[in-house]
Amino acid sequence: MTQASAVILSCSILLLMTSGCDNTSQTAGSNNGETAEPSKSKGTIGVSLLTLKNPFFKVIGDNITAEAAKQGYKTIVLSADEDVAKQSNQVTDFIVSKVSAIVLSPCESRSIVPVIQEANAAGIPVITVDIPCNEPGVDILTQVATDNYGGGKEAGKAMIEALGEAGGKVAILHYRQAESCRLRVKGFKEVIEAHNVSASAKIDMVMELESGAAKDLGYKAAEDALQAHSDLRGVFAINDPAALGARAALEKAGKQDQVRIVGFDGQPEGKQAIKDGKIFADPIQFPDKMGIEVVKSIVAHSKGEDVEPEQLIPTSLYRQEDGLKDNSLQ
Amino acid sequence: MPKSKKQHLTHLLTEYGMILVLILLGIFFSLVTLTEQRPSGKKAGLQIASIVKKRFDKDAHILITSRNLPIDQNFYDALSGSLTSAGFKHLHSVQGTPRDARAKLVELENQKIKLQVILGNQTTVDWLVFEDIKLDFPQLGSPTRIGPSPYNWPNFLKKDNLLNITNQIAVIAIIAIGMTVVIICGGIDLSVGSLIAFSAVLCCLFIQNIAGGLDANAGGMILACIAAIIITGLVGSFTGSMITAFSIPPFIVTLGVMMMASGTAYLMSGGESVYRVPDSFVWLGREASLFGIPNAVFLMMLLYSLAHIMMSRTQLGRYIYAVGGNTEAARLSGVPVKWIQLFAYTLSGLLAGLGGVVMASQLKSGAPTYGQMYELYVIAAVVVGGTSLSGGEGKIFGTLIGAFIIAVIQNGMNLMNIESYTQKVILGMVILIAVLLDKLKQKKFQTS
């Protein structure tokens, strides 16, 4: 039957086609000399990120690849799709292919422990990026992350700037599951509380609502906040999607001029909203710097230099005037 | 004659097409993952020793490098032993990290030693600390670096990787047995993914709260696992009885159970992972005790053999095919249709429970996020394996091949560095092609 064989044939052709895409894990092995010199490429870095749906992680991955290429390393960047079992399989695939280093943003910091231990036993350095793993019994070369606590403080300063002398009621759109968001809120509250000690008009943090770090739930939470406090003056949202959801709720209620929003992240959509005056300001993160620091740490380790166990990348406050100068926006 | 030969080929392709696809995939991934490999362990140590003996004097200063790991010890012992007995007088060594190597180089420089050669295994020879030695440590001279000679071998075909693939697919393959029986029986079970999470959380909670937490002994852990599997099996029975007693379509019932099981897993665990379990809990999922075969793989093979016997040699198996082939005819010929259906869903529940326990063991914790979308991978494995979604037809070992095809594609694409988006597209295409093959097969039966 020619049909069936055609199907099998086309199946293998499809695979052959895709192999042409970005097949960088191969090395041209023509070095058969008796004296074994060290290979030309310095090795491969295996990267398993939480997800690639979020542009934030895509930027981390792209910058790891670019910086690694500069330093002579190849990379494999995979998305774990927020599934820790899948991530664990990806890491065992890396261990089997004897990569030089493994970079992770753990989907679940506890369930990933056994597989990190497996990498430790194989002598492969492990680095976390964005999401740390602080469990006992694992050996991690360095943890690269945003300084979320410092970023929260910057958000607090932005809120004070936004509300001015008048002060008023502020709602926090939280995402308690994430350690990073807890740190952001902690920094935010400390700055506001310190401000209230000396300020003439206090900033009153009246509500903390769950935002799911997503637009739809941020929208609902902001609506609820407006129901409870019609004289609300400010919203601090722990990321851009929640901030944009809150903005939609304000527009629906016609209160966009009464309530100022401070977000977090600096994703393109968030930056655009800041430029358009929809969000007051964002402490922005630098996923590109994170990717570069990761590769630098791998190189430093291999050179026998000291590597700090924790590397915090500071945020910077992004206001409307930064947005107007930003050529990447419309 | 040529016609019968052609028919023969047709038969081969339709009946064993999936094995052929698996073999083709294997060959393909072997070719594209052909990579330069280096020997390790004792073999590498002796190889380097023989090169050194040929090329260097007995009073050359030699630095032997390895990591401070059990897997590097054989290399180090073989190399330094062989060189010492050959009469090399100035052997220096460092076992540790690149930092230790740098410290050693500083120490050698202070002793005003001119280093002739640095020896290392597949990893240490590439350390960047030795790359810039001429710049960083000019006093040491310019030593040659020697590592194990490379040879070419596909990453895909390494023994470690093949075991890795089987271990990765174990959970899906085990659950796919139950799904095969359910689908042959004419039903479908969408709840298995959530039941993985349900069982994993339950099992870890039992160990943490009843069996003694971190100090739980083997007996306690086994009881906890069995209890979790039985309770998950009971959920399967509940599904089955809803379907048989009230004649609700299986799609709807299992959809409902899927949500309930997932929600319950979140409730029981409070949305977090349950992790206070002893280290020895990973025995089932990560260790290998018989001939180097991982325990989960051994369990999977055992279950497939049992299921094959059940489906092909027993009355129960024939009844299952009969119910799926034509329910009404089966009922009229005295097959206890409802009991058979109830059995199928209970079996599916039990095996999903077992899959959850294996996954909890692999990850040493139970979290409600486990098993998302797994029902679809399991159904894909069954369908790729040649079981018809309309029921009454299919083979247990076909499902195993289907599961392997999915695992091989995923693993091979990971090794080839194909990005995640493309991986999904390819996996989807393979599933469609498999169903197409299935259709062609049916057409052949109709026309002949």
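We name chains A, B, ... by the order of the sequence lines, and we start the count at 1 in each one. Values below: all heavy atoms of this structure, side chains included; hydrogens, waters and symmetry mates excluded.
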Colleague: Return the option, out of A/His301, A/Glu82, A/Gln117, with the maximum number of heavy-atom pairs under 4.5 Å with chain B.
Modeller: A/His301
Colleague: Could you look at B/Lys424 and say if it's the side chain, the backbone, both or neither that has a heavy atom under 4.5 Å from chain A?
Modeller: side chain
Colleague: Do A/Asp306 and B/Arg99 come close enough that some side-chain heavy atom pair is under 4.5 Å?
Modeller: yes
Colleague: Measuring from atom CD1 of A/Ile95 to atom CG of B/Asn161, what distance do you get when rounded to the nearest 0.5 angstrom?
Modeller: 12.0 Å
Colleague: Does any heavy atom of chain A fall under 4.5 Å from the side chain of B/Tyr374, the backbone, both, or neither of them?
Modeller: side chain
Colleague: Please state whether the side chain, the backbone, both or neither of A/Val77 comes within less than 4.5 Å of a heavy atom of chain B.
Modeller: backbone
Colleague: So which of B/Leu363, B/Asn411, B/Leu163, B/Asn68 has the largest heavy-atom pair count under 4.5 angstrom toward chain A?
Modeller: B/Leu363
Colleague: Quick one: what part of A/Ala300 sits under 4.5 Å from any heavy atom of chain B, side chain, backbone, both or neither?
Modeller: neither
Colleague: Which bit of B/Gln37 is near chain A, if near means a heavy-atom gap under 4.5 Å: side chain, backbone, both or neither?
Modeller: neither
Colleague: What I want to check is whether the side chains of A/Asp93 and B/Gln168 have a donor and an acceptor closer together than 3.5 Å.
Modeller: yes
Colleague: Are B/Leu128 and A/Glu305 side-chain neighbours, meaning at least one heavy-atom pair lies under 4.5 Å?
Modeller: no
Colleague: Would you call B/Asn414 and A/Gln90 a side-chain contact if the rule is heavy atoms closer than 4.5 Å?
Modeller: yes
Colleague: Using non-hydrogen atoms only, which part of B/Asn164 is less than 4.5 Å away from chain A: side chain, backbone, both, or neither?
Modeller: side chain
Colleague: Report the option among B/Met359, B/Arg102, B/Lys158, B/Gln122 that has the most heavy-atom pairs separated by less than 4.5 Å from atoms of chain A.
Modeller: B/Arg102
Colleague: What residue in B/Glu272, B/Arg286, B/Gln372 has the most heavy-atom pairs under 4.5 Å with chain A?
Modeller: B/Arg286
Colleague: At a 4.5 Å cut-off on heavy atoms, which part of A/Glu108 comes close to chain B: side chain, backbone, both, or neither?
Modeller: side chain
Colleague: Between A/Val299 and chain B, which part of the residue has a heavy atom less than 4.5 Å away: side chain, backbone, both or neither?
Modeller: both
Colleague: So with a 6.0 Å cut-off around NZ of A/Lys220, is the heavy-atom count from everything else above 12?
Modeller: no
Colleague: What part of A/Ser97 gets within 4.5 angstrom of chain B, counting heavy atoms only: side chain, backbone, both, or neither?
Modeller: both
Colleague: To the nearest 0.5 Å, how far apart are CE in B/Met413 and CD1 in A/Ile76?
Modeller: 13.0 Å
Colleague: Side chain, backbone, both or neither: which part of B/Gln47 has a heavy atom under 4.5 Å from chain A?
Modeller: neither
Colleague: Drop me the distance from A/Ser302's OG to B/Phe130's CZ, to the nearest 0.5 angstrom.
Modeller: 9.0 Å
Colleague: Heavy-atom distances under 4.5 Å only: say whether A/Asn120 touches chain B with side chain, backbone, both or neither.
Modeller: backbone
Colleague: Do B/Asp126 and A/Ser100 have side chains that approach each other closer than 4.5 Å (heavy atoms only, starting at C-beta)?
Modeller: no
Colleague: State whether the number of non-hydrogen atoms from other residues, nucleotides or ligands found under 6.0 Å of A/Gln71 atom CD is greater than 12.
Modeller: yes
Colleague: Do A/Lys98 and B/Asn155 come close enough that some side-chain heavy atom pair is under 4.5 Å?
Modeller: no
Colleague: Using a 4.5 angstrom heavy-atom cutoff, name the option from B/Ile71, B/Val425, B/Val129 with the most pairs to chain A.
Modeller: B/Val129
Colleague: Is there a side chain to side chain contact (heavy atoms under 4.5 Å, CB included) between A/Val115 and B/Gln362 once you walk through the steps?
Modeller: CA-CA 9 Å; A/Val115 84; B/Gln362 281 176 342; over 6 Å; no
Colleague: Given side chains that start at C-beta, do those of A/Lys303 and B/Asp136 come closer than 4.5 Å, heavy atoms only?
Modeller: no
Colleague: For B/Ser273, is it the side chain, the backbone, both, or neither that has a heavy atom closer than 4.5 Å to a heavy atom of chain A?
Modeller: both
Colleague: With sequence neighbours left out, what residues match A/Glu135 under side-chain contact (heavy atoms from CB on, under 4.5 Å)?
Modeller: A/Ser109, A/Arg110, A/Val113, A/Cys133
Colleague: How many angstroms lie between atom CE of B/Met373 and atom CG of A/Asp81, to the nearest 0.5 angstrom?
Modeller: 8.5 Å
Colleague: So what's closer than 4.5 Å to chain A heavy atoms on B/Lys364: side chain, backbone, both or neither?
Modeller: both
